[in-house]
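These numbers were taken from a predicted model, which means no experiment stands behind them. Numbers restart at 1 for each chain; the letters A, B, ... are given by sequence-line order, proteins then strands.
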Amino acid sequence: MEYNFREIEKKWQKDWKKSGVYEVSNSSGKPKFYVLDMFPYPSGAGLHVGHPLGYISSDIYARYKRLRGFNVLHPMGYDSFGLPAEQYALETGQHPAVTTEKNIETYREQLDSIGFSFDWSREVRTSAPSYYKWTQWIFLQIFSSWYDKNQKKARGIEELIKIFDKQGNAAGMGQRSIQKNFTAEEWKNYSTEEKQTILMEYRLAFLALGEVNWCEALGTVLANDEVINGVSERGGHPVVKRKMRQWYLRITDYAERLLQGLTTVEYTEAMKEMQRNWIGKSEGAELEFEVNAGLNSNLSLTPNPGLPRDPSPQGEGSGNSIRTSNSGGEAHSLKIKVYTTRPDTIFGVDFMVLAPEHELVSQITTPLQKRDVEAYLEYVKSRSERERLAEVKSVTGAFTGAYAINPFNGREIPVWIAEYVLAGYGTGAIMAVPCGDQRDFDFATHFKIPITNIIGEYFNGKESNATKEAVLSNSAFLNGVKMENAIGIILEKIEKEAIGHRKVNYKMRDAGFSRQRYWGEPFPIIYKNGIAYPVDEKELPVELPHVENYSPGPEGEGPLANIPEWVNLDGGIKRETNTMPGYAGSSWYFLRYMDPHNDEVFADKKAMEYWNQVDVYVGGTEHAVGHLLYSRMWTKVLCDLGFISFDEPYKKLVNQGMIQGSSRFVYRLDRFSVRINGEVKDLAENSNIFLSLSLVQNLNQSENEDSKINSHKIIGELLKIPNVDFYHDHSFKTSALHIDVNLVDGIELDIQAFKNSKPEYANAIFILEDGKVISPGEDFDHTSSKYICGVEVEKMSKSKFNTVNPNMLVEKYGADTFRMYEMFLGPVEQSKPWDTKGIEGVHRFLKKLWRLFYDDIKGKVWTEEKATDAAFKVLHKTIKKVEEDTERFSYNTAVSTFMVCVNELTDLQCHKKEILQPLLILLAPYAPHVAEELYHALGNNTTIVDANYPNLETKYLIESEKEYPVSINGKLRTTIVISLDASQDEVEKIALNNEIIQKWMEGKAPKKIIYVRNKMVNVVV
RNA sequence: GCGGCGAUGGCGAAAUUGGUAGACGCACUACUUUGAGGUGGUAGCGCCCGAAAGGGUGUGGGAGUUCGAAUCUCCUUUGCCGCACCA
């Protein structure tokens, strides 16, 4: 009986499905464990071998935890809203729902063939109305909340209204930058519209007019993390800034908690660092510098008219706050607010720079400088975001003619504008300290602004030095103070003298939450007189209407705007035509799995109490700042509002590494020219000649003249060049062509398959590794000579012909082999190249395991006889190691432990059920099909999925002797087998009496003997 | 530029606490089973010297701590990933 994996796997997959073993209950006496995978976007391309890596890891862990007595939730679903389906719809007219459904089917088939223990009865799809009903509902909760900065949590908006009714927004309400403070009395007198406009400033999901990343090609707005170097993440289309009214999530209010929360979760350091970076917290001060005004007599300094306003990253001070100071009735004096993390360098300020977009620019520019400034603004405007990003570090700017006054020494400093100061960060204005900041230094040098040195010899005049170690000079009352100590002193003074205040800044922006797209969740929002109101809960879900075409609507609106009968409701009420972004549905899906069919609530509270946080979350690093941050924010909001009791969704995060493609190349001889009798002849142009790897290498290298000449000779003969000295007088060109890895066995080209792959290759000529030539139509004996391909590790992608389809491997070797091989490849979290060849080893292992039970000729060989102690020792060694390795996700070493175990049992000729059955249970998480089959073969008639995990019995592991390594002066000289009962004295004596040791000691007396019990002996002479 | 993670045979890798470097697998070599291919089995396999015994050397490079370093410290080279005119 041989290992017929195809039959076995089909049989058990069917059986598991029928019996529903993987369906899990929300009530159980067992402790719970939640193992979650990042659910996939069902793309049309299907899975390649890189995708299942994470799923296999989590499946092993889930199965293991279940065997260890946990009630394990291990669900799967689809993140099925998104751009690609819609792009596809635009091109083909096929409805996204249709293509999505089809893709899901393919995915499911592929997943099923690998034998996962997913509870498919809990499947979710973000595009299903029964699911997005609750995405919309949660959105409404966020819309109806505000962030109380005193209590540091979200609260219902009705509580805010109560506060306004009672005390207006004066006390403690000033955290948010609001146009004006109002009393309770005033609040009550506001119109509904006015009230709603004010409330919008507080809502956690809000509408605002803001600069957004507009992608013309995609016809939509993108979030910051969807834009990479000025082009869209998907498709690489140019992205420009544009002012539009958009939905936002006020994630900046959670910046601090998102940062703090990282200390309570187990993510990799890299992952946490990426998030910290994205949040970008910095501590410093905001200071005001007065500007010499009276420069422009027609100042109009009315406050910002009307809401809505820019969503601001720092809550307060939306962008650049303008204040007039009319004290003393003198000429208008303006103040420029700057943000700095180094207030200790205040006496080193030599100039000031505003972002070109800064609101004060036009007001402070002197008539003399007006031309310069306007020309510069024109130049800035002409440059796209992309150009600005591409051209890093080029110094540009213009002088405004205005001077600011250093509040500490009254020094007048010139005010410039320059691109390198960003309007969106801090206050959009900086105090420039050239001796301490390289950008300021470059700017000063370029425009010949004199530099004040406040750090003595720490500044060499050639580059800035951002040290905090220096002792300050040229710094008035700070002279002689070390910079790191000066920060505190100056901060106190700044606050005392009301020049400014301490300030924490975050780089993170509020998250854009609307998309001008069709294939996403419609907003449950309607407009009356331009004011947004929530749709009544009873009307959820607001279903996505059918559309005929997927083109954008008018004025940057999405396709939904093309359906007036859907948009326009009775009484002048209009629907929101934007849809939600891709991360909406994925922000809370882990909760829906807990109670996926509930129609009353998004998930039953008891279910959420029971399953609680995700214990292990497995997925790729690409979601570090997007999905993970949004999901963490939603969880915090739901927690604040009392729906759940935990505010971090994922306790532990495991990032699987990328599986890289291992590309294969063939080398085509494109040109080979030789000079014969002074005449250059092209002897091979666009030939169909393919050179094996070492020939190409020989042609290109110079170290080994012989092989180089030889390679030329071979080609020369092939091209029928007479015996001329073409070696010295020639030129050639080869090109490396990607070829499908499936046409290659390891690195050896399957010439016949290659010829068949494309008509143009049918008559190709091959020069093999040993110089043998294979002409068209000629058969070749591939044992004697080979065509060797070039190899390079690259990203796995269709265009590089290096993708490997898991189905093919499952078909050829079986799911169990495939699972174990993916794990055997290396540590889960590490990136590694795929190598199909190695799978044979794992397959051999499973066949060897099988032979412990069945012999090809003799049939059944397993017995119920008593096993030997030696066999028990092998078993328990394996139990110990596999358990440790599985717990720490070290699956590659666990697989090799299984191999060692089977090798040793084979050597012992152990076929005892006593040993084999526990081994099968250990193996079940890794190779569930074969484990189940053999488990039943041993006479069990219940599933191995719920078997009793074997207990480690350490008594079998006790050793009686040890092979001690004995070194002299740290250099290993020999090993001696010594009883473990031996005392230190005895061991030392035995070691010193050892012949080899004596030889190496050369008669010297030992100075010292290092003895580590049960480990080693080192003699120092 | 800033930050994170790495670098160990021909290849993927192992070494969990500073204690026999290279487990396990691939590839390769020889032998063997078989009519042949495949499969299965046995043995070898870091590099250098040597027929062997044995010796030297060896974890990107350099220094250090230690009886002892792949592992700890400092410097340096290099690869991958993330962020990037963020004040």
Go through B/G19, B/G25, B/C5 for me and flag the one nearest to the A/F824 side chain.
-> B/G25
Rounded to whole Å, NE2 of A/H843 lies from P of B/U39 at a distance of 10 Å
Check every atom of B/G12, B/G4, B/A14 against the side chain of A/A270 and return the nucleotide holding the closest atom.
-> B/G4
A/N892 vs B/C24: side-chain N/O to OP1/OP2 distance below 4.0 Å | no
Measure from CE on A/M274 to C1' on B/C2 and round the result to the nearest Å.
-> 15 Å
B/C80 OP1/OP2 closer than 4.0 Å to side-chain N/O of A/Q830 = no
Taken to the nearest 0.5 Å, the spacing of A/I490 CD1 from A/R342 CZ works out to 12.0 Å
First locate atom OG1 of A/T906, then atom NZ of A/K848, and finally report the distance between them rounded to the nearest 0.5 Å.
-> 5.0 Å
Under the 3.5 Å rule, do the base of B/U16 and the side chain of A/K881 count as making a donor-acceptor pair?
-> yes
Looking at B/G3, B/A14, B/C5, which one has an atom nearest to any side-chain atom of A/E273?
-> B/G3
Can you check ring-ring contact (aromatic ring centres under 6.0 Å, His included) on A/H843 and A/Y821, steps first, answer last?
-> CA-CA 8 Å; A/H843 193 58; A/Y821 183 54; over 10 Å; no
In Å, rounded to the nearest 0.5 Å, how long is the span from NZ of A/K873 to OG1 of A/T878?
-> 12.0 Å
From B/A87, B/A13, B/A15, nucleotide with atom closest to A/T341 side chain | B/A87
How long is the span from the CD1 atom in A/I430 to the CG atom in A/L354, to the nearest 0.5 Å?
-> 9.5 Å
Any idea which heavy atoms bring A/V421 and A/P356 closest together, and the distance?
-> O-CD, 4.0 Å
Check every atom of B/G56, B/C85, B/A13 against the side chain of A/W1000 and return the nucleotide holding the closest atom.
-> B/G56
Between B/C80 and B/A30, how far apart are the P atoms? Round to whole Å, please.
-> 38 Å
Select one nucleotide: of B/G40, B/G19, B/A13, the one nearest the side-chain heavy atoms of A/K847.
-> B/G40
Tell me, with the steps shown, if A/F351 and A/F447 meet ring-ring contact (aromatic ring centres under 6.0 Å, His included).
-> CA-CA 11 Å; A/F351 58 101; A/F447 290 105; 8.8 Å; no
Distance test, side-chain N/O of A/R844 to OP1/OP2 of B/C26, below 4.0 Å | yes
Under 4.0 Å between a side-chain N or O of A/K971 and OP1 or OP2 of B/U57?
-> yes
B/U16 versus B/U71 - spacing of their C1' atoms, nearest Å = 12 Å
Take atom C1' in B/G68 and the same atom in B/C49, then report the distance between them in whole Å.
-> 27 Å
If only side-chain N and O atoms of A/N903 are considered, is one of them under 4.0 Å from the OP1 or OP2 phosphate oxygen of B/G25?
-> yes
Determine the interatomic distance between C1' on B/G22 and the same-named atom on B/G1; round to the nearest Å.
-> 39 Å
Nucleotide nearest A/E963 (side chain, heavy atoms from C-beta), chosen from B/A27, B/U20, B/G19 | B/U20
If we take the C1' atom in both B/U29 and B/G10, what is their distance in whole Å?
-> 13 Å
Identify which nucleotide among B/A13, B/G25, B/C5 has an atom closest to any side-chain atom of A/E269, counting heavy atoms from C-beta outward.
-> B/C5
When you check the glycosidic angle of B/G22, does it come out syn, meaning within 90° of 0, or anti?
-> anti
Residue matched to B/U17 through Watson-Crick or wobble contacts both under 3.5 angstrom | none
Using purine N1 to pyrimidine N3 plus N6-O4 or O6-N4 for Watson-Crick, or N1-O2 and O6-N3 for G-U wobble, both under 3.5 Å, which nucleotide pairs with B/G46?
-> B/U57
A/Y821 atom OH is separated from B/C11 atom P, nearest whole Å, by 15 Å
Could you state the atom-to-atom distance from CD1 of A/I997 to P of B/U20 in whole Å?
-> 15 Å
Does A/Y425 make a side-chain N or O approach to OP1 or OP2 of B/A87 shorter than 4.0 Å?
-> yes
If you pin A/G970 and A/N277 to their nearest nucleotides in RNA chain B, which one's is more 5'?
-> A/G970
What integer number of Å spans the C1' atoms of B/G40 and B/C67?
-> 49 Å
To the side chain of A/K848, which of B/G55, B/G41, B/C24 is closest?
-> B/G41
State the pairing partner of B/U73; accept Watson-Crick or G-U wobble contacts with both distances under 3.5 Å, and report none otherwise.
-> B/A63
Output yes when at least one side-chain N/O atom of A/R973 is less than 4.0 Å from OP1 or OP2 of B/G54, else no.
-> no
Can you tell me how far P in B/C11 sits from the matching atom in B/A63, rounded to whole Å?
-> 26 Å
Ignoring backbone atoms, establish whether A/K832 has a side-chain N or O less than 4.0 Å from OP1 or OP2 of B/G12.
-> no
Are side-chain N/O atoms of A/Y926 and A/T886 paired as donor and acceptor at under 3.5 Å?
-> yes
When the distance from CG of A/L849 to P of B/G40 is rounded to whole Å, what number comes out?
-> 14 Å
Side chain of A/R851: nearest nucleotide among B/U57, B/A87, B/G40?
-> B/G40
Hunt down the Watson-Crick or G-U wobble partner of B/G82, both distances under 3.5 Å, from any strand shown, or write none.
-> B/C2
No-H, no-angle donor-acceptor pair, A/N1018 side chain to B/C67 base, under 3.5 Å | yes
Closest nucleotide of RNA chain B for A/D437 versus for A/Q660: which of these residues is on the 5' side?
-> A/Q660
